[in-house]
Amino acid sequence: MILRLFEPIFARIRHRLIAGLARQEDLDVMYNQIAGLFQIQNAMRGEAVLKPMRGWALSPDAMACVLADLQERTRPIVIEFGSGQSTIVIASALKHHGGRLISVEHEDRKSVV
């Protein structure tokens, strides 16, 4: 049902891609719509809803590489500098598979005591 809402957007973008005329803004709209759909599905299952993983956040493909690496390790210890969306994803993975996350944050407003 939700995918039907996005069909006109996908059709327009697919047409531009095939014609070689896709603009970055079209690709950004498609990314945002797909990411939003996943977040809606997460919310409906009672799972974490993340902000878009672009800009300062680690990109989804890079995060997938990190998660794949973590799965190959036994009780890994991850040290990260700067908390954000990746903190939530890595912490969730470690909660399910075991391991420890140490996050160093330089902004006082994000620090947790």
Side-chain angles (χ1 to χ4, degrees):
M1 170 108 163
I2 293 176
L3 287 176
R4 287 188 187 147
L5 298 173
F6 299 115
E7 285 179 6
I9 295 169
F10 292 146
R12 189 173 79 234
I13 292 171
R14 186 173 31 253
H15 172 73
R16 287 193 176 157
L17 285 171
I18 291 170
L21 301 174
R23 299 175 303 199
Q24 184 62 46
E25 66 187 53
D26 295 326
L27 299 174
D28 290 341
V29 166
M30 183 171 63
Y31 172 87
N32 291 335
Q33 296 299 325
I34 293 169
L37 177 61
F38 285 127
Q39 299 313 322
I40 290 167
Q41 290 174 336
N42 284 352
M44 293 175 70
R45 290 189 301 259
E47 297 175 3
V49 176
L50 303 173
K51 294 177 183 175
M53 294 184 72
R54 297 187 73 172
W56 283 99
L58 194 60
S59 65
D61 57 337
M63 179 55 71
C65 290
V66 170
L67 295 174
D69 184 71
L70 289 177
Q71 286 182 355
E72 295 175 2
R73 300 174 184 274
T74 303
R75 305 204 39 87
I77 297 174
V78 177
I79 301 173
E80 71 163 4
F81 295 90
S83 61
Q85 298 297 314
S86 59
T87 308
I88 296 168
V89 175
I90 292 170
S92 178
L94 294 174
K95 179 180 177 182
H96 294 295
H97 300 290
R100 183 171 179 207
L101 173 63
I102 300 168
S103 183
V104 179
E105 179 56 53
H106 71 282
E107 291 185 36
D108 287 338
R109 64 183 178 87
K110 291 184 178 179
S111 296
V112 177
V113 179

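Annotation for Ser86 and Met63: closest pair CB-CE, 3.3 Å, computed over non-hydrogen atoms. Nearest heavy atom pair, residue Gln39 against residue Val49, reads OE1-CA, 3.4 Å. When every heavy atom of Gln85 is checked against every heavy atom of Lys51, the shortest pair comes out as OE1-N, 3.0 Å. The two residues Arg75 and Gly98 come nearest to each other via the heavy atoms NH1-CA, 3.6 Å.
Phe81 and Leu58 are assigned to two separate hydrophobic clusters, defined by single-linkage of ILVMFWY side chains at heavy-atom distances under 4.5 Å.
Interatomic distance, His97 NE2 to Leu67 CG, rounded to the nearest 0.5 Å: 8.0 Å. One finds the CZ atom of Arg100 at 11.0 Å from the CG atom of Leu94 (value rounded to the nearest 0.5 Å). To the nearest 0.5 angstrom, Ile77 atom CD1 is 10.5 Å from Leu101 atom CG. In this structure, the separation between OG on Ser83 and CD1 on Ile90 is 11.0 Å, given to the nearest 0.5 Å.
With hydrogens and angles ignored, the 3.5 Å screen pairs no side-chain donor or acceptor of Asp69 with any backbone N or O of Cys65.
A heavy-atom distance below 4.5 Å is found between the side chains of Pro60 and Tyr31. With contacts defined as side-chain heavy-atom distances shorter than 4.5 Å, the pair Ile102/Val78 does not qualify. With a 4.5 Å cut-off on side-chain heavy atoms, Glu80 and Thr87 count as touching.
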